[in-house]
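In the text below, chain A, chain B and the rest are named by the order of the sequence lines, each starting its count at 1.
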Amino acid sequence: MSKEYKHQEIEPKWQAYWNENKVYEVREDASKPKYYVLDMFPYPSGAGLHVGHPLGYIATDIYARFKTLKGFNVLHPMGYDAFGLPAEQYAIQTGQHPAITTEKNLQRYREQLNQIGFCYDWSREVRTSDPSYYKWTQWIFIQLFNSWFNPILNKAEPISTLVHLFETEGFKGSDDTILTGGMEFDFPAFTAAQWNNFSEANQQKILLGFRLAYLSEAYVNWCPALGTVLSNDEIKDGVSERGGYPVERKLMNQWSLRITAYADRLLSGLDELNWSESIKESQRNWIGKSQGASVLFEVQDHKFSIEVFTTRPDTLFGVSFLAIAPEHEMLDQLVDASHIDEVMAYVNLAKNRSERDRQSDVKRISGVFTGSYAVHPFTGNEVPIWVADYVLGGYGTGAVMGVPAHDSRDHAFAKYFNLPILQVIEGSERHNYQESSYDGKEGNCINSGFLNGLGVKKAIKRAIQEVEERGIGKGKTNYRLRDAIFGRQRYWGEPIPIYYKEGIPYPVEEKDLPVILPEVDKFLPTENGEPPLGRASNWKYKGLYDYELSTMPGWAGSSWYFLRYMDNKNDDALVSPNAVSYWKQVDLYMGGNEHATGHLLYVRFWTKFLFDLGFIPEVEPAKKLINQGMIQGRSNFVYRIDCFEGDKKELSFFASRGFLDENENIKNLPVLFQEFNKQNNQKARLDFTKIMVVKLNVDVNIVKDEVLNLTLFKQWRDDLNNALFVLENGNYHCSWEVEKMSKSKWNVVTPDDIIAQYGADTLRLYEMFLGPIEQSKPWNTQGIEGVHRFLKKLWKLFYDKEGNFCLNQEAPNKAELKILHKTIKKVAEDIENFSLILL
RNA sequence: GCCCGGGUGGUGGAACUGGUAGACACGCAGGACUUAAAAUCCUGUGUCCUUUAAAGACGUGCGGGUUCAAGUCCCGCCCCGGGUACCA
């Protein structure tokens, strides 16, 4: 051993030892209690693993090692969420196959992970893009396709039980008990005899309305110029980020998963989970259970009614208008001829606004009168029907009853369009109903016929009773949660294992799985707008039938990966009963907050589904969840001063932070130019026609303590070779801001440099030292020195000046034992509490 | 907009149920060791006033409130991060 702490020697030595002796490989062992520690697996991006990823990994690694020492049989695996958009985008730009990009990125991730010295059992690695893995993702999809949700048993069952029901009892129509709450399509009632005489096509069409994986129309962001569907992410300011083309919302036939059937179980299941309250609260809000009533409003001079959903049937007498969504299916029929142009113009505009836009933009009130009236079911009054974009097509019934006096958005709408505001709840006497609404639930009904005098809660019950008696509505539970659109018009994902025979979708037979992602010449949609898989030549099931051309979304593979780690090489089942009955579920799951309602809801859904069908023994994927805070990037900026003469840029240089004021404008122009001339030995005038300050992200790796390394800056990009500067005391000072850590912001710090300089142990210690694991914080490498020094001191406790390992064998005295045991207690408690900061 | 987090020195953060705000560390300043530097060790370090010290005043995003006592509890705001259904 050398004389001082040398991580360059210590770390590779032990990492090699672990590797050669397979120290961290585990197998089921009934003699020991099991413990399953899981990290949310990473998407292998081109920028490599940044310092944010290991934060959670290090914490779980400490915990996994601790649990092992405590005698548990610890499963601690790692793998990759390897399908996804970025690799596909890259493929579109460069022609490089996403599989190649992914493989390359993945290698790099593995190297980085190895360097940090994690105790993963690498023999269990999974990759979602590997056919041996996605075979089972596809298999689960087929199970979903072959299942329906039985609301009486409150669980999924094979579709054959529904077929049996149809064959023996038929279907009683939209109020049938087999419906899970109006989420299936409305089919007319049929008898068993009728069912048996239906054509195959008709039967299949009906079944599709009940399957947990089904085909239906849904709105997507369609970009005609790119011929593809875009995520909200890919849209900036209403146009495509790539190319800046217009985007419209378009109805498209899409595969969806009936997650809404599980809404109640997803909600009630939260109570037993040891997850943070904030995550559980987010999920509750996302599921958005609300109780109320659906009420039918007859449309005057027409033979149909509009169904509205309301949580406040007690305010029915306060209705002064109905508002329907621009997407409402009855719109065409009810709009009055004299209003048709105006309405259609509005609808075309409103439909193409994104939902988020429509919900967030509360200040801009818009809507248009359809020219038609509904009849108030109790008063018989005429109620004007409006189209308004604050009503969303996908939520509730796509129509609301406007009660301006007691709903703030209805109020804003009524006030803007001068619609009557009718008070029906007694609030505070001084409340001015022309100014604002009273949304509270305290008070008694007034001006409300049979509801007068009742408190809000009683009035709700009474109103529901009344509409039910009159046959114009019923009590109803509504969920904000929508079925999950599952099809993607993309290449780099799991092919949906469906083929079409005479236009009817059928699942690929299990023995033919996996449906391998075919090769294509380009990763773009076809000329006639089909997804990229439409380019695959001779790609037919059994050589005869067309395959489904859409692929699965990013979250498909991640919705069940925790199961695959238990038995990752099994070719006969997604996981063997043996393995899953031993490892059961994740005991500790660590991951980012950003997955609160996406991944974490879907994985719970799939887990419940697989449980229902008897494939796994647990209804929840993870008992305990810890959200590691996001490590944000700490971006550095430089300021370029561009000076124009007319449209021509005459001069351009970089000014240090101090020359700009708080608002990042030039503080004092003459002083700046004086300094510029002095420092660069020039004679620039300052009477330019236009002077602009351009703020640019600069690579944080060439900035230290906010001081820019000028030499490296000039080498950073070709156009900067001859860059000119105005410095402060010989230095260029940058500004900084907290942003998401990403390649495009030049603020990615990778663990590699830190490990090379200080070693993995210093990195690990420092990441834990940064602050509580749950808290988000920007990355800042300042401070790592102190941690490194701590390790050196620790090392010196055990090695003398010549580098000899020195311990003596003397029995410890009482005081020493006391310290030892206090330390053991403290360390054990801190680790159990994930208080990994204090040393 | 809505939902979930967060805001404490120059910096990361500590303060468990309301009870000495700023632990620990970084940085900075000074000193010791050294021919010198690095490394290491020691001392100081919230801000302001003050030659210094003592003493004092002010201090946990902003404005109010409750309390003997507020970083912590209540009300109203501001700012930052995440999510908002095809990013993962």
> Does the side chain of A:Arg789 get closer than 4.0 angstrom to OP1 or OP2 of B:C26 through an N or O atom?
Replying inline: yes
>> Taking the P atom in each of B:C58 and B:A70, what is the distance between them to the nearest angstrom?
In response: 13 Å
> Hey, is A:Asp271 close enough to A:Arg284 for a salt bridge, meaning N to O under 4.0 Å?
Replying inline: yes
> Counting just side-chain N and O atoms, does A:Asn232 come under 4.0 Å of either OP1 or OP2 of B:U84?
Replying inline: no
> Say you pick atom P in B:A37 and the same atom in B:A29; how far apart are they, in whole Å?
Replying inline: 15 Å
> What is the distance, rounded to the nearest whole Å, between atom CD of A:Glu234 and atom C1' of B:A88?
Replying inline: 13 Å
> Looking for any heavy atom pair under 4.0 Å, which part of the strands does A:Leu481 touch: base, sugar-phosphate only, or nothing?
Replying inline: base
> Taking the six-membered ring for Trp, are the ring centroids of A:Trp555 and A:Phe486 within less than 6.0 Å of each other?
Replying inline: yes
> Given atom CG of A:Leu765 and atom P of B:C24, what is their separation to the nearest angstrom?
Replying inline: 17 Å
> Counting side-chain heavy atoms from CB outward, which of B:C3, B:A88, B:G27 is closest to A:Tyr43?
Replying inline: B:A88
> When you compare B:U84 with B:A88, how far apart are their C1' atoms, in angstrom units rounded to a whole number?
Replying inline: 15 Å
> So, A:Phe769 versus A:Phe790, ring centres under 6.0 angstrom or not?
Replying inline: no
>> Using the side-chain heavy atoms of A:Asn285, tell me which of these nucleotides is nearest: B:C4, B:G1, B:A88.
In response: B:C4
> Between which residue ranges does RNA chain B form stems of three or more consecutive Watson-Crick or G-U wobble pairs, both distances under 3.5 Å?
Replying inline: B:1-7 with B:78-84, B:10-12 with B:24-26, B:27-32 with B:40-45, B:46-48 with B:56-58, B:61-65 with B:73-77
>> For a quick test of reading the model, state the closest non-hydrogen atom pair linking A:Asn105 to A:Ser45 and the distance between them.
In response: ND2-C, 3.6 Å
> Can you tell me how far C1' of B:C3 sits from CD1 of A:Ile287, to the nearest Å?
Replying inline: 13 Å
> Once the angle between the rings of A:Trp779 and A:Tyr766 is folded into 0 to 90°, is it parallel (under 30°), tilted (30 to 60°) or perpendicular (over 60°)?
Replying inline: perpendicular
> Taking the six-membered ring for Trp, are A:Tyr134 and A:Phe83 parallel (under 30°), tilted (30 to 60°) or perpendicular (over 60°)?
Replying inline: tilted
>> Taking the nucleotide of RNA chain B with the nearest heavy atom to each, does A:Arg490 or A:Gln359 sit closer to the 5' end?
In response: A:Gln359
>> Under a plain distance cut-off of 3.5 Å, with no hydrogens placed, do A:Thr551 and A:Trp492 share a side-chain donor-acceptor pair?
In response: no
> Whole Å only: how far is the CZ atom of A:Phe790 from the P atom of B:C41?
Replying inline: 12 Å
>> As a test of reading the structure: which of B:A85, B:C3, B:C24 is closest to the side chain of A:Phe769, going by heavy atoms?
In response: B:C24
> If we take the C1' atom in both B:G1 and B:G12, what is their distance in whole Å?
Replying inline: 34 Å
> Over how many whole Å does the gap from A:Leu791 atom CG to B:C26 atom C1' extend?
Replying inline: 15 Å
>> Looking at A:Asp407 and A:Arg312, is any side-chain nitrogen of the basic one under 4.0 Å from a carboxylate oxygen of the acidic one?
In response: no
> How far, in whole Å, is B:U8 from B:C62 if one measures between their P atoms?
Replying inline: 10 Å
> Do any of residues 590-602 of chain A sit with a heavy atom less than 4.0 Å from RNA chain B, and if so which?
Replying inline: A:Glu594, A:His595, A:Thr597
> Using the C1' atom in both, what is the distance from B:C75 to B:C24, to the nearest Å?
Replying inline: 36 Å
> Rounding to a whole Å, what distance do you find between A:Met768:CE and B:A25:P?
Replying inline: 19 Å
> Do A:Gln628 and A:Tyr57 have a side chain donor and acceptor closer than 3.5 Å?
Replying inline: no
> For A:Trp555 and B:G83, what is the distance between atoms CH2 and C1' respectively, to the nearest whole Å?
Replying inline: 17 Å
> Touch check for A:Arg364, heavy atoms < 4.0 angstrom, all strands: base, sugar-phosphate only, or nothing?
Replying inline: nothing
> Given B:A85, is OP1 or OP2 found less than 4.0 Å from the side-chain N or O atoms of A:Arg356?
Replying inline: yes
> Given that A:Val787 and A:Ser278 both sit by RNA chain B, which one's nearest nucleotide is further toward the 5' end?
Replying inline: A:Ser278
> Are A:Lys280 and A:Glu277 ion-paired here, with the side-chain N under 4.0 Å from a carboxylate O?
Replying inline: yes
> Which way is the base of B:G56 turned, syn or anti, if we draw the line at 90° from 0?
Replying inline: anti
>> With rounding to the closest Å, how many angstrom separate the P atoms on B:G22 and B:U47?
In response: 14 Å
>> Could you tell me how far B:G10 sits from B:C78 if I compare only their C1' atoms? Round to whole Å.
In response: 24 Å
>> At 4.0 Å (heavy atoms only), tell me whether A:Gln254 reaches a base, stays on the sugar-phosphate, or touches nothing.
In response: base
>> As a quick check of understanding, evaluate side-chain contact (heavy atoms from CB on, under 4.5 Å) for A:Tyr561 and A:Leu38, giving each step before the final call.
In response: CA-CA 10 Å; A:Tyr561 74 115; A:Leu38 183 63; 4.0 Å; yes
>> Considering every strand and a 4.0 Å limit on heavy-atom distances, what is the contact class for A:Gln489: base, sugar-phosphate, or nothing?
In response: base
> Run the side-chain hydrogen bond (donor to acceptor under 3.5 Å, both in side chains) check on A:Tyr80 and A:Glu125 step by step: do they pass?
Replying inline: CA-CA 8 Å; A:Tyr80 307 97; A:Glu125 180 193 314; 4.8 Å; no
> To the nearest angstrom, how far is A:Asp389 atom CG from B:G1 atom P?
Replying inline: 17 Å
>> What's A:Trp286 touching, base or sugar-phosphate or nothing? Going by heavy atoms closer than 4.0 Å.
In response: base
